[in-house]
Participant: 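Here it is, the structure in full.
In what follows, chains carry the letters A, B, and so on, assigned in the order in which the sequence lines appear, proteins first and then strands, with residues in each chain numbered from 1.
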2 protein chains.
Amino acid sequence: MGRGADGLSIGDVAKATGLGVHALRFFEREELFLREIPRTAGGRRVYGPADVEWLLLCNRLRESGMPIATLKRFARLVRSGPGNEAERLALLEEHERTVRDRIAELTASLEIIHGKVVTYRKHVEEGTAAGLWSPAPTA
Amino acid sequence: MGRGADGLSIGDVAKATGLGVHALRFFEREELFLREIPRTAGGRRVYGPADVEWLLLCNRLRESGMPIATLKRFARLVRSGPGNEAERLALLEEHERTVRDRIAELTASLEIIHGKVVTYRKHVEEGTAAGLWSPAPTA
DNA sequence: TTAGAATCTAGAGTGTGATCTAGGTCAAGC
DNA sequence: GCTTGACCTAGATCACACTCTAGATTCTAA
């Protein structure tokens, strides 16, 4: 953007958040922002730093597996102002549990995968790799 | 299924692996098995225990985020017999790295989310929750 | 022997989350 | 003034991984 204050164009915000401009417009259609994003006289979106901060949290929530639908619920709660903090808390606690479960699941899978890797590595190093897994699984 | 030996019907395998029968047929179309699944005279699939074991590993790989395309590459390597163990190892090592990275990412997000939870919890308990996040983000 | 459950194939449909297209409009620098 | 690049909308399309449909066939058990 450029001129006074700190209004940010959609391109600026895309750069700042890593989200594409298409994604930002999509987020807006989906009502994932905490407010109506204002426009210039010419109809262009003008974002503020708080929008960027919110998007950065959204990124964290999204990349930790929160679906858009849940993010939308959270955004709606925040948008509707003070008074529902217990609900927001419950939503975040639930998500925290989900993330912990996911980490546990991944860790369990990792152990199995690592076991396979160790086995293959040993066999490949020893040149005894034949029959690691063909008709009947061995490793 | 039921009669002699241990041939398993698609329904048996679905039960044993948690995959749906549709998914099993899909896997076959996608060449994700380590062999051609034999058929009865009537054209029904007859699976063996090794197929189930392979599917259980597939489940681990899938649920740890391996895309079907990669699983397919791995299956193709195993199917094409001994001699490519180094490639299989490389594929698994790569996936192991991916999973570790994912866990690290989730752990980082978790910390941030947990931070939010703690903040909200404190405010909700104290009844001082107002303004936690409205026009200007505070927490 | 016959009903009903399970299976078969080929192909269409679904949900999620973007991402892109077409056909413009707006704005900044030369 | 004009070029150029960023931006606009609405809607189509994509990728992934299933999941289901339709209509026919096969198997099992009463």
Side-chain angles (χ1 to χ4, degrees), chain A residues 1-5 7-33 36-48 51 55 57-75 95 98 102 109, chain B residues 1-5 7-33 36-48 51 55 57-75 95 98 102 109:
Chain A
M1 224 146 186
R3 56 100 191 63
L8 299 162
S9 74
I10 195 170
D12 296 336
V13 175
K15 250 168 257 159
T17 61
L19 294 159
V21 294
H22 294 297
L24 289 169
R25 292 193 273 248
F26 168 74
F27 269 43
E28 188 170 323
R29 272 203 299 283
E30 294 293 312
E31 310 203 282
L32 295 172
F33 282 96
E36 292 288 301
I37 303 302
R39 305 294 183 109
T40 65
R44 288 154 182 231
R45 293 167 178 84
V46 184
Y47 299 87
D51 300 311
L55 287 170
L57 176 63
C58 288
N59 278 347
R60 280 307 186 171
L61 294 173
R62 290 281 306 116
E63 91 186 6
S64 58
M66 182 181 285
I68 294 281
T70 307
L71 192 49
K72 197 176 205 158
R73 276 206 297 128
F74 187 53
H95 184 58
T98 303
R102 181 72 185 129
S109 292
Chain B
M1 225 143 186
R3 57 98 190 64
L8 300 163
S9 75
I10 195 169
D12 296 336
V13 175
K15 250 167 259 159
T17 61
L19 294 159
V21 295
H22 295 297
L24 289 169
R25 293 193 274 248
F26 168 76
F27 269 45
E28 188 171 322
R29 273 202 299 283
E30 293 292 313
E31 311 203 280
L32 294 173
F33 282 97
E36 292 289 302
I37 302 302
R39 303 295 183 107
T40 66
R44 288 157 182 228
R45 293 166 178 85
V46 184
Y47 299 86
D51 300 312
L55 287 170
L57 176 62
C58 287
N59 279 346
R60 281 307 188 172
L61 293 172
R62 291 282 308 115
E63 93 185 4
S64 58
M66 182 181 284
I68 293 281
T70 306
L71 193 49
K72 196 176 206 157
R73 275 205 298 127
F74 188 53
H95 184 59
T98 304
R102 181 74 184 127
S109 292

Participant: Check B:A75 against B:L32 and note the closest heavy-atom contact, atom names and distance.
Facilitator: CB-O, 3.7 Å
Participant: Nearest 0.5 Å, please: how far is CZ in B:F74 from CG in B:L57?
Facilitator: 6.5 Å
Participant: Can you measure B:N59 atom CG to D:dC18 atom C1' for me and round it to whole angstrom units?
Facilitator: 13 Å
Participant: Measuring from atom CG of A:L61 to atom CG of A:L55, what distance do you get when rounded to the nearest 0.5 angstrom?
Facilitator: 11.5 Å
Participant: I want to check one thing: is the phosphate of D:dC7, taken as OP1 and OP2, less than 4.0 Å away from some side-chain N or O of A:S9?
Facilitator: yes
Participant: Would you give the length of the straight line joining atom CD1 of B:I10 to atom CD of B:E28, rounded to the nearest 0.5 angstrom?
Facilitator: 7.5 Å
Participant: Using whole Å, what does the distance between atom P of nucleotide D:dC7 and atom CZ of A:R39 come to?
Facilitator: 12 Å
Participant: Rounding to an integer number of Å, can you tell me how far B:K72 NZ sits from D:dC16 C1'?
Facilitator: 12 Å
Participant: Rounded to the Å, how far apart are A:I10 CD1 and C:dC26 C1'?
Facilitator: 14 Å
Participant: Quick one: are A:S64 and A:H95 in side-chain contact, heavy atoms under 4.5 Å?
Facilitator: yes
Participant: CZ/A:R45 to CD1/A:I37 distance, rounded to the nearest 0.5 angstrom?
Facilitator: 8.5 Å
Participant: Taking only N and O in the side chain of B:T40, is any of them less than 4.0 Å away from OP1 or OP2 of D:dT26?
Facilitator: no
Participant: Give the rounded distance in Å between these two atoms: CD of B:E30 and P of D:dA17.
Facilitator: 9 Å
Participant: For the pair made of CG in A:L8 and P in D:dA6, what is the distance, rounded to whole Å?
Facilitator: 16 Å
Participant: Can you tell me how far the CD atom of A:E30 sits from the CZ atom of A:R25, to the nearest 0.5 Å?
Facilitator: 15.0 Å
Participant: With the sugar-phosphate defined as primed atoms, P, OP1 and OP2, and the base as all remaining atoms, what B/S/- string results for nucleotides 19-25 of chain C, 5' to 3', for protein heavy atoms under 4.0 Å?
Facilitator: BBB---B
Participant: Would you confirm whether B:D51, through its side chain, and B:F33, through its main-chain N or O, come within 3.5 Å as a donor-acceptor pair?
Facilitator: no
Participant: Mind listing the residues from residues 60-70 of chain A sitting with a heavy atom below 4.0 Å of DNA chain C? Number order is fine.
Facilitator: A:R62, A:P67, A:I68
Participant: Between B:L24 (CG) and C:dA6 (C1'), how many Å, whole number?
Facilitator: 14 Å
Participant: Could you grab the distance from atom CZ of A:R73 to atom CD of A:E31, nearest 0.5 Å is fine?
Facilitator: 15.0 Å
Participant: Where the side chain of A:R45 is defined as all heavy atoms beyond and including C-beta, which of D:dT9, D:dC27, D:dC7 is the nearest nucleotide?
Facilitator: D:dT9
